[in-house]
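Lettering follows sequence order; numbering is per chain, from 1.
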2 protein chains.
Amino acid sequence: MGIIRKTQSIELLLSEFSNSTGAISAIELIKRLSAKVNKTTVYRVLDKLEDDGVVHSFLDKSGIKWYAKCNSCTHAQHFDSHPHFQCLNCGKVDCLEIEVALPNIPNRQVEVSQILIQGNCESCSK
Amino acid sequence: MGIIRKTQSIELLLSEFSNSTGAISAIELIKRLSAKVNKTTVYRVLDKLEDDGVVHSFLDKSGIKWYAKCNSCTHAQHFDSHPHFQCLNCGKVDCLEIEVALPNIPNRQVEVSQILIQGNCESCSK
DNA sequence: TTACTTTTGCAACTTAGTTGCGTTAACAAA
DNA sequence: TTTGTTAACGCAACTAAGTTGCAAAAGTAA
Ligand SMILES: [Mn+2]
Ligand SMILES: [Mn+2]
Ligand SMILES: [Zn+2]
Ligand SMILES: [Zn+2]
């Protein structure tokens, strides 16, 4: 079940995402909002936002959770199956709006795929 | 620093890998060897085997660590950058010996990429 | 306001993995 | 075969991300 009431915590989380282009880790959000929102609430709100198609989540190489805004997802369907890029220098993570074509895999039915690419971002590759 | 002495724990870990075609999670290895090897040792041996190019590791969707045999890697270089496949039905995980061509990503230097594909394996897709 | 129900904070818990340290066991040299 | 060196080990305690249960607080519609 998604979001039903417009509460302060939800507004605060949403404004973090609207002030940001890239992805934000759950840990970073907890840190940023620590004065105003409890970490349990942060996790719970993120869950609900994801459930509603407002944000999507993925894990980085060290297994921690990141969230980014969705473009046109709904409670019924998530379309965000794009790769994510993590800069090995500055740590920034963002969504790549590109399609990666997976070759056919013999005898296997593909349902989902997650692609994490690491390297140097635009600002860090000079 | 990699493996220097051929100890019992190392032999036991190695035999788990030689008796298996797919990947094995650290947790599963700890469970299987719990009577003979301490979990700290399991983690430390896996680290060293990876360092020596004997196995490679990756995280699954829930962030837990899996290990699989390498083909022709060494201490100096890991060549295993293939995708991994996890069956959503039986949980089995294995290496896919295929190449996935990533499109060029504007303004970014790609160093590494990790691809986890999920779906139904050969035995589970009937 | 009131009544109802969702959402929140807090503390306690879970789980995968790590660290420090004293003991054990490889293994090379004697 | 014994001995000395030190890598590897077991154990207990710890870390860190995320989860759970429950009582209190805050939305919302009446
Ligand atoms: Mn994304
Ligand atoms: Mn592999
Ligand atoms: Zn960068
Ligand atoms: Zn299967």
B/I3 vs B/T40, nearer the 5' end of DNA chain D by closest nucleotide =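 Of the two residues, B/I3 wins.
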Mind listing the closest non-hydrogen atom pair of [X] and [Y] along with its distance?
X      : Y     : result
B/Q86  : B/K61 : OE1-N, 3.9 Å
B/N120 : B/C87 : CA-SG, 4.0 Å
B/Y43  : B/A26 : CE2-CB, 3.8 Å
A/K69  : A/S20 : NZ-O, 3.4 Å

Which residues share a salt bridge (Lys or Arg N to Asp or Glu O under 4.0 Å) with A/R32, sequence neighbours left out |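 So A/R32 forms a salt bridge (Lys or Arg N to Asp or Glu O under 4.0 Å) with A/E16, A/E28.
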Under a criterion of less than 4.0 angstrom to any heavy atom of chain A, what are the 5'-terminal and 3'-terminal contacting nucleotides of DNA chain C?
->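 Counting from the 5' end, contacts occupy C/dT5 to C/dA11.
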Close approaches to DNA chain D from residues 23-33 of chain A, in residue order (heavy atom, under 4.0 Å) |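 Going residue by residue through residues 23-33 of chain A, the ones with a heavy atom under 4.0 Å of DNA chain D turn out to be A/A26, A/I27.
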Which parts of residues 50-68 of chain B get close to DNA chain D, meaning a heavy atom less than 4.0 angstrom away?
->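 Nothing qualifies; none.
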Given that B/R5 and A/K36 both sit by DNA chain C, which one's nearest nucleotide is further toward the 5' end?
->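 The 5'-side residue here is A/K36.
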Could you name each residue pair satisfying salt bridge (Lys or Arg N to Asp or Glu O under 4.0 Å) that touches residues 39-49 of chain A, not counting sequence neighbours?
->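 Not a single pair qualifies under salt bridge (Lys or Arg N to Asp or Glu O under 4.0 Å).
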Mind checking what makes side chain to side chain contact (heavy atoms under 4.5 Å, CB included) contact with [X], not counting sequence neighbours?
X     : value
A/T41 : A/S9, A/V37, A/N38, A/V45
A/D51 : A/H75
A/I27 : A/S25, A/I64
B/E50 : B/V55, B/S57, B/Y67, B/H78

Taking atom CG of B/L13 and atom CG of B/L46, what is their separation to the nearest 0.5 Å?
->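 These two atoms lie 5.0 Å from each other.
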Walking along DNA chain D from 5' to 3', note the first and the last nucleotide with an atom under 4.0 Å from a heavy atom of chain B, and give both.
->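 Contact boundaries, 5' end first: D/dT6 to D/dA12.
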What bend angle does the helix from C/dT1-D/dA30 to C/dA30-D/dT1 show across its length, from five-pair end axes and to the nearest 10 degrees?
->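 What I find for the helix from C/dT1-D/dA30 to C/dA30-D/dT1 is an axis angle of 20°.
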Neighbour count above 12 (heavy atom, 6.0 Å) for B/E11 CD |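 For B/E11, atom CD is crowded (more than 12 foreign heavy atoms under 6.0 Å).
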N/O donor-acceptor pair under 3.5 Å between A/N89 side chain and A/C124 backbone =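 Not at all, since once roles are kept as given, no pair shorter than 3.5 Å links the two residues.
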Run the side-chain donor-acceptor check on residues 90-117 of chain A: report pairs under 3.5 Å with partners two or more places apart or on a different chain.
unit_1, atom_1, unit_2, atom_2, d
A/D94, OD1, B/R108, NH1, 3.0
A/R108, NH1, B/D94, OD1, 3.0

Give A/T7 one of three labels, base, sugar-phosphate or nothing, depending on what nucleic acid heavy atoms sit under 4.0 Å from its own.
->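 Here A/T7 touches the backbone only, sparing every base.
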Anything under 30° is parallel, anything over 60° is perpendicular, the rest tilted; go ahead and classify B/W66 against B/F58.
->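 Because their plane-to-plane angle is under 30°, the rings of B/W66 and B/F58 count as parallel.
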